[in-house]
Amino acid sequence: METSSSAALSGAARGRTVTPGMVITALLVPVVAVFGVVTSLRAEDIDMDWVHRQQAACRHMPFPKMEYVVAWSGLLLGLSAVAVCLLLARRIRRRCGLRLWDTWPGLLAFVCALLNVVAILLELFMLWTTYNPYIPGPILGDCG
């Protein structure tokens, strides 16, 4: 009789290891990672809009400062996704005594953080292209 109650207690303890806070935090990792990639790609859109506006106006225009903000925020979002994953790992280790990938929210956050490494490289490249000036400058075309 005591073995069945101890088995029920250990089953209940296993069921309580995943809290709603862990699920929300684990779902936050892929969302923030995707926002980082989308934001970094938006920097390229801003740059192309700037080039097209210069070509339409047939003159050189000042570089949009918003592109710097968008490029930096893309990288910060990518890095914050990894930071959230590390904080989740620390919380799971403290509360449950488990490794990150022993729970399904932790596994989800871990896989997304690993995939986010490639996204961080893209975000770094987009930041580099923002600060890298065009050597010949945008071609204005036939303005005559």
Side-chain angles (χ1 to χ4, degrees), residues 5-144:
S5 66
S6 65
L9 283 175
S10 67
R14 252 187 273 138
R16 277 187 286 142
T17 57
V18 177
T19 63
M22 287 181 193
V23 173
I24 292 170
T25 306
L27 293 176
L28 190 64
V29 172
V31 168
V32 171
V34 167
F35 279 157
V37 171
V38 169
T39 304
S40 287
L41 293 176
R42 180 69 184 131
E44 181 65 25
D45 292 340
I46 292 171
D47 187 57
M48 291 310 295
D49 284 343
W50 173 67
V51 170
H52 291 306
R53 277 187 284 127
Q54 286 187 108
Q55 289 172 347
C58 257
R59 64 183 177 91
H60 290 285
M61 300 175 89
F63 191 75
K65 303 296 183 203
M66 185 55 121
E67 187 172 348
Y68 294 116
V69 173
V70 169
W72 276 106
S73 57
L75 179 63
L76 290 176
L77 283 168
L79 292 175
S80 63
V82 174
V84 167
C85 182
L86 292 175
L87 290 173
L88 179 65
R90 187 175 174 186
R91 181 176 178 174
I92 289 175
R93 177 64 90 178
R94 275 191 189 163
R95 289 187 143 213
C96 308
L98 300 171
R99 291 174 295 200
L100 182 65
W101 48 84
D102 287 341
T103 62
W104 72 266
L107 183 63
L108 173 71
F110 181 70
V111 168
C112 290
L114 282 180
L115 294 174
N116 194 32
V117 170
V118 176
I120 290 173
L121 293 176
L122 168 80
E123 292 154 0
L124 282 170
F125 177 74
M126 295 306 289
L127 185 65
W128 177 77
T129 59
T130 300
Y131 281 96
N132 187 17
Y134 293 114
I135 306 280
I139 299 169
L140 295 179
D142 186 20
C143 293

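Heavy atoms only: backbone and side chains are in, while hydrogens, waters and symmetry mates are out.
Atom CG of residue Leu115 and atom CD1 of residue Ile120 lie 11.5 Å apart, to the nearest 0.5 angstrom. Between the CG atom in Asn132 and the CG atom in Leu127 there is a gap of 11.0 Å [rounded to 0.5 Å]. Here CZ of Arg53 is found 10.0 Å from CZ of Arg59. Values are rounded to the nearest 0.5 Å. Gln54 CD to Phe63 CZ: the interatomic distance, rounded to the nearest 0.5 Å, is 9.5 Å. Rounding to the nearest 0.5 angstrom, the gap separating the CG atom in Leu75 from the CG atom in Leu121 is 10.0 Å.
Val70 and Ala43 make their closest contact through CG1-N, 3.6 Å (heavy atoms, listed as atom of the first residue, atom of the second, distance). Between Gly74 and Thr39, the closest heavy-atom pair is N-CG2, 3.8 Å. For the residue pair Ser40 and Met126, the shortest heavy atom distance occurs at O-CE, 3.4 Å.
Judged as a salt bridge (charged side-chain N to carboxylate O under 4.0 Å, His left out), and not counting sequence neighbours, Asp49 has no contacts. In this structure, the side chain to side chain contact (heavy atoms under 4.5 Å, CB included) partners of Asp45, at least two apart in sequence or on a different chain, are Arg42.
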Listing, residues 78-97 side-chain donor-acceptor contacts under 3.5 Å, not counting sequence neighbours, or none:
from, atom 1, to, atom 2, distance (Å)
Ser80, OG, Leu76, O, 3.1
Ser80, OG, Leu77, O, 2.8

Sequence neighbours left out, cut at 3.5 Å: what donor-acceptor pairs do the side chains of residues 24-35 make with other protein atoms?
from, atom 1, to, atom 2, distance (Å)
Thr25, OG1, Gly21, O, 2.7

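The list of ring-ring contact (aromatic ring centres under 6.0 Å, His included) pairs with a residue in residues 105-127, not counting sequence neighbours, reads Trp101-Phe110, Phe125-Trp128. Pairs passing the side-chain hydrogen bond (donor to acceptor under 3.5 Å, both in side chains) check and including a residue from residues 63-73, sequence neighbours excluded, read Trp72-Tyr131.
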